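The next block holds one structure in the form of structure tokens; read it before the comments.
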Number of protein chains: 2
Amino acid sequence: MTDELLRALADPTRARIVELLTVEQLCVCHLVAETGATSSNLSNHLRLLRSVGAVEAEPAGRYTYYRLRPEVLEAVSAHYAALASRSRLALAVKRPCD
Amino acid sequence: MTDELLRALADPTRARIVELLTVEQLCVCHLVAETGATSSNLSNHLRLLRSVGAVEAEPAGRYTYYRLRPEVLEAVSAHYAALASRSRLALAVKRPCD
DNA sequence: CGGTGATGTCAGCACGCGCTGATCAAACGT
DNA sequence: ACGTTTGATCAGCGCGTGCTGACATCACCG
């Protein structure tokens, strides 16, 4: 669970991209239409999402389809679930301040 | 599930704070010792974490103890779990590009 | 083969944001 | 009461990073 992955998913524009991709696979032109962002802007965001393994690209002729990698999202979910679980136990412990 | 909450948790320093607080409740002086950051730096981070509801502060005389709010972490986990679940179905759908 | 449209890349700019240092308030110990 | 310590707040600085615009590339179509 790298910080880079969490930071990549926490950006508003990229979070929007991820949300759109949870419905169906989309090519960049769809994302341009849905988000209103420029193609170069989206291309930069998609490159970052690729670099952290959150999405993968499938060139299809002139277009490029993007899809999510569910395992990665599942890993993020598990990460926060573990933090939540441990934090429940932590409420019972208080380190003395001396 | 606000973007602000996700962004707050994605910052490396704040992620470290959260991780430390999953073990036990700590006051700011402990966090200073554990992270090596300055108290004003930590105070700023803690204020942001408070503003998004991730932690709560309990003044105890001269000290201030901080603890996580497990429900919030659980909500974040559930958020990503839902994305992961939906994304699995999305792999079977591909919007035509015309 | 040119023309067009889809996508990627990069340099440059601007804004956001994290870090610092100074200051202040409150609480404890002497 | 006074000094010390904890912690919060704020202004200012600097760096990271997202956005843009121009250019390059590749695939399709006439």
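In the text below, chain A, chain B and the rest are named by the order of the sequence lines, each starting its count at 1. Remember, predicted model here, so these are calculated numbers, not experimental data.
Side chain of A:R62, nearest nucleotide from C:dA27, C:dA6, D:dT17: C:dA6. Looking at the side chain of B:N41, the nearest of the listed nucleotides C:dC10, C:dC19, D:dG18 is C:dC19. For A:R50, the listed nucleotide lying nearest its side chain is C:dT9; candidates were C:dT9, D:dT9, C:dT7.
With hydrophobic clusters built from ILVMFWY side chains whose heavy atoms lie under 4.5 angstrom apart, A:V52 shares a cluster with A:V55.
Between the side chain of B:T64 and the main chain of B:E58, no donor-acceptor pair closer than 3.5 Å is present.
At a threshold of 4.0 angstrom between heavy atoms, the contacts of B:C27 are confined to the sugar-phosphate backbone, with no base atom among them. Heavy atoms of B:N44 sit under 4.0 angstrom from at least one base atom. When heavy atoms are screened at a 4.0 angstrom cut-off, A:Y66 is found touching the sugar-phosphate backbone but no base atom.
Rounded to an integer number of Å, the gap from CG of B:L42 to P of D:dT5 is 19 Å. Across the protein-nucleic acid pair, B:L46 atom CG and C:dG18 atom P stand 13 Å apart, rounded to whole Å. When rounded to the nearest whole Å, the span between CG of B:L31 and P of D:dT6 equals 13 Å. Between B:Y65 atom OH and C:dA27 atom C1' the separation is 15 Å, expressed in whole Å. Distance, A:L48 CG to C:dT9 C1': 15 Å, rounded to whole Å. Note: CG (B:D11) to P (D:dC15) measures 18 Å, nearest angstrom. Atom CG of B:L49 and atom P of D:dG7 are 16 Å apart (whole Å).
Other residues, nucleotides and ligands contribute only 12 or fewer heavy atoms inside 6.0 Å of the CD atom of A:E4.
In this model, no donor atom of one side chain and acceptor atom of the other lie less than 3.5 Å apart for A:S87 and B:T22.
Here A:T38 reaches the OP1 or OP2 of D:dT20: one of its side-chain N or O atoms lies under 4.0 Å away. Contact annotation: B:R47 side-chain N/O to D:dA8 OP1/OP2 distance is not under 4.0 Å. In this structure, B:S43 does not reach the D:dT6 phosphate: none of its side-chain N or O atoms is under 4.0 Å from OP1 or OP2. The phosphate of D:dC19 has OP1 or OP2 within less than 4.0 Å of a side-chain N or O from A:H45. Contact between the side-chain N/O atoms of A:Y63 and the OP1/OP2 oxygens of C:dG8 is not found at any separation under 4.0 Å.
Nucleotides of DNA chain D nearest to A:A37 and A:G61 differ in position, and the one nearer the 5' end is that of A:A37. Heavy-atom nearest nucleotides on DNA chain C were determined for A:A57 and for A:R7, and the one closer to the 5' end corresponds to A:A57.
Looking at A:S40, its side chain comes within 3.5 Å of the base of D:dG21 through a donor and an acceptor atom.
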Fill in: side-chain contact (heavy atoms from CB on, under 4.5 Å) between A:L9 and B:L6, intermediate numbers included
CA-CA 8 Å; A:L9 295 176; B:L6 298 183; over 6 Å; no
